[in-house]
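In what follows, every chain begins at residue 1, and chains take the letters A, B, ... in the order their sequences are listed.
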Protein chains: 2
Amino acid sequence: MHFTSEQRLDSGVLEREFTLGEIPGTLWTPESAAPAPLILMAHNNGLPKREARLVARARQSAAYGYAVATIDAAGCGDRPRSAADEQARADIRRAMQAGEPADEIFESFIGPLVEKVVPEWRTTLDALLSLSEIGGPVGYSGWTAVGIRLAVVEPRVVAAGFFAGGYVPLAQREEARQLTIPLLFLLQWDDEGNPRQRALDLFDAFGSRAKTLHANLGGHTGTPWFEVEDGDRFFGRHLK
Amino acid sequence: MHFTSEQRLDSGVLEREFTLGEIPGTLWTPESAAPAPLILMAHNNGLPKREARLVARARQSAAYGYAVATIDAAGCGDRPRSAADEQARADIRRAMQAGEPADEIFESFIGPLVEKVVPEWRTTLDALLSLSEIGGPVGYSGWTAVGIRLAVVEPRVVAAGFFAGGYVPLAQREEARQLTIPLLFLLQWDDEGNPRQRALDLFDAFGSRAKTLHANLGGHTGTPWFEVEDGDRFFGRHLK
């Protein structure tokens with residue numbers, strides 16, 4: 001893990017860019033000297049790690065006391081995309097703009113993407129936990145499909161907050177039943193691209209006994225800011 | 001309003017019993033000298049104001065900084081019940097134990113009860129706001145059916161937290177569309193006596209633009225304690 005730049009924010013949070021082999025990432029650590037619990041924060045497919053909403057959430061959670069890390073995993077963000085990936089993304093955009101069903105394209109694109117992405121998150125987790133300023137335990141926040149798979153294969157992830165705003169492949173909808181860690185599931189009630197009933201069914205399917213659903217009125221990008229603070233407190237109950 | 005007893009709790013909260021005409025009530029006020037915002041806290045029909053879960057929540061919210069008041073309204077808690085009310089409650093218990101539909105009995109019993117109860121809450125609100133230690137604004141917490149009607153007729157109620165655990169009469173399901181105040185709607189995902197889809201439909205119906213649903217796994221009485229703290233913060237955003 002090589003740090004390539006750093007800046008100290010007004011909150012005292014240290015924001016550092018890093019590379020880990022081909023993986024570019026950002027790490028935010030709180031000012032406190034004690035080893036911090038870690039939150040892995042993943043955007044839904046395609047959005048870059050530098051996207052403003054993710055950066056704002058990461059900075060807030062780091063100021064609250066967590067180490068927060070994100071990466072552009074394979075095929076995501078600013079990483080190179082294959083011609084097939086570009087085609088799939090174009091097909092999805094066209095189908096959604098035309099109001100046509102996009103489930104089959106999503107399944108054929110997001111399913112394999114999850115398979116590619118999760119190993120890179122695990123590699124990143126190994127590297128992060130070797131840093132003296134990060135102590136664990138580890139939480140996960142964001143992209144639901146990747147988070148389900150990661151939590152199923154990775155015992156070091158002990159709590160997760162999922163955003164119900166993206167397509168979840170059939171494999172992960174099945175794996176949801178295997179999850180037993182505490183979950184906070186965040187739903188935008190009128191999310192344009194995410195059928196509400198499918199999200200409610202997924203919440204129902206999670207095997208966790210400690211699971212909480214937060215739903216707010218509004219579309220995909222309308223999540224109220226107080227949900228970031230609720231998320232910080234959720235992790236505060238479980239990352240100890 | 002006559003105070004009949006008082007005790008100072010370890011948290012500094014002052015807990016006082018009062019009567020207002022025929023209405024018995026309890027008022028919790030925080031230690032702070034400044035006039036406090038007020039939360040009206042109503043249990044679902046039948047449960048007395050002295051019930052342990054309500055008392056624990058009220059004490060917590062008063063320690064957080066709110067004045068909290070509850071009453072045994074007409075036909076509720078320790079207030080006298082008519083023979084017809086006793087019969088209706090017995091019919092409901094028998095139907096539910098037998099697994100039979102109880103909607104018609106609920107409708108014929110809870111509908112008129114809401115009509116009787118809400119004027120007593122308004123009378124209580126008048127008296128409470130005349131106290132120097134209570135400044136407003138006013139929030140409402142608890143029994144959904146009464147809260148909907150109260151918020152529709154009472155402009156002094158500016159935010160409400162509803163517990164989706166009781167029968168909501170058809171009239172209040174219609175009135176829900178008229179609500180515009182910020183709402184926090186609390187649902188137990190496996191509530192034995194409360195059909196989940198009906199609760200989700202009610203959440204959908206509320207006219208408020210700022211509405212949030214919190215759902216937790218478990219039955220009617222299984223709401224996690226952190227929801228009391230979430231409720232305090234919800235009111236903190238709106239009772240200013």
Over 12 foreign heavy atoms within 6.0 Å of [atom1], [X]:
X	atom1	answer
B:E100	CD	yes
A:E192	CD	yes
A:R8	CZ	yes

Worksheet item: Should the ring pair B:H214 and A:H214 be called parallel, tilted or perpendicular, given that the plane angle runs from 0 to 90° and is split at 30 and 60?
Response: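 The rings of B:H214 and A:H214 lie parallel, inter-plane angle below 30°.
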
Worksheet entry | Contacting region of A:E229 [heavy-atom separation from chain B under 4.5 Å] |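 Neither; nothing under 4.5 Å.
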
Discussion item. Less than 4.5 Å to any heavy atom of chain B: does that hold for the side chain of A:L200, its backbone, both, or neither?
Written reply: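 For A:L200, the contact with chain B is made by backbone and side chain together.
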
Worksheet entry | Close side-chain approach of A:F226 to B:F234, heavy-atom, < 4.5 Å |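 No, their side chains stay 4.5 Å or more apart.
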
Discussion item. Determine whether B:L217 and A:F206 satisfy the following criterion, side chain to side chain contact (heavy atoms under 4.5 Å, CB included), listing intermediate values before the conclusion.
Written reply: CA-CA 10 Å; B:L217 201 69; A:F206 289 127; over 6 Å; no

Practice prompt. Flag the one option from B:A210, B:G218, B:P224, B:A215 with the top tally of heavy-atom pairs under 4.5 Å to chain A.
Written response: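 Heavy-atom pairs under 4.5 Å are most numerous for B:A215.
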
Fill in: Interchain contact, B:D190 with chain A, by part (heavy-atom threshold 4.5 Å)
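For B:D190, there is no contact with chain A at all, as no heavy atom is under 4.5 Å.
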
Worksheet entry | Under 4.5 Å from a heavy atom of chain A, the part of B:Q188 involved |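 B:Q188 has no heavy atom closer than 4.5 Å to chain A.
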
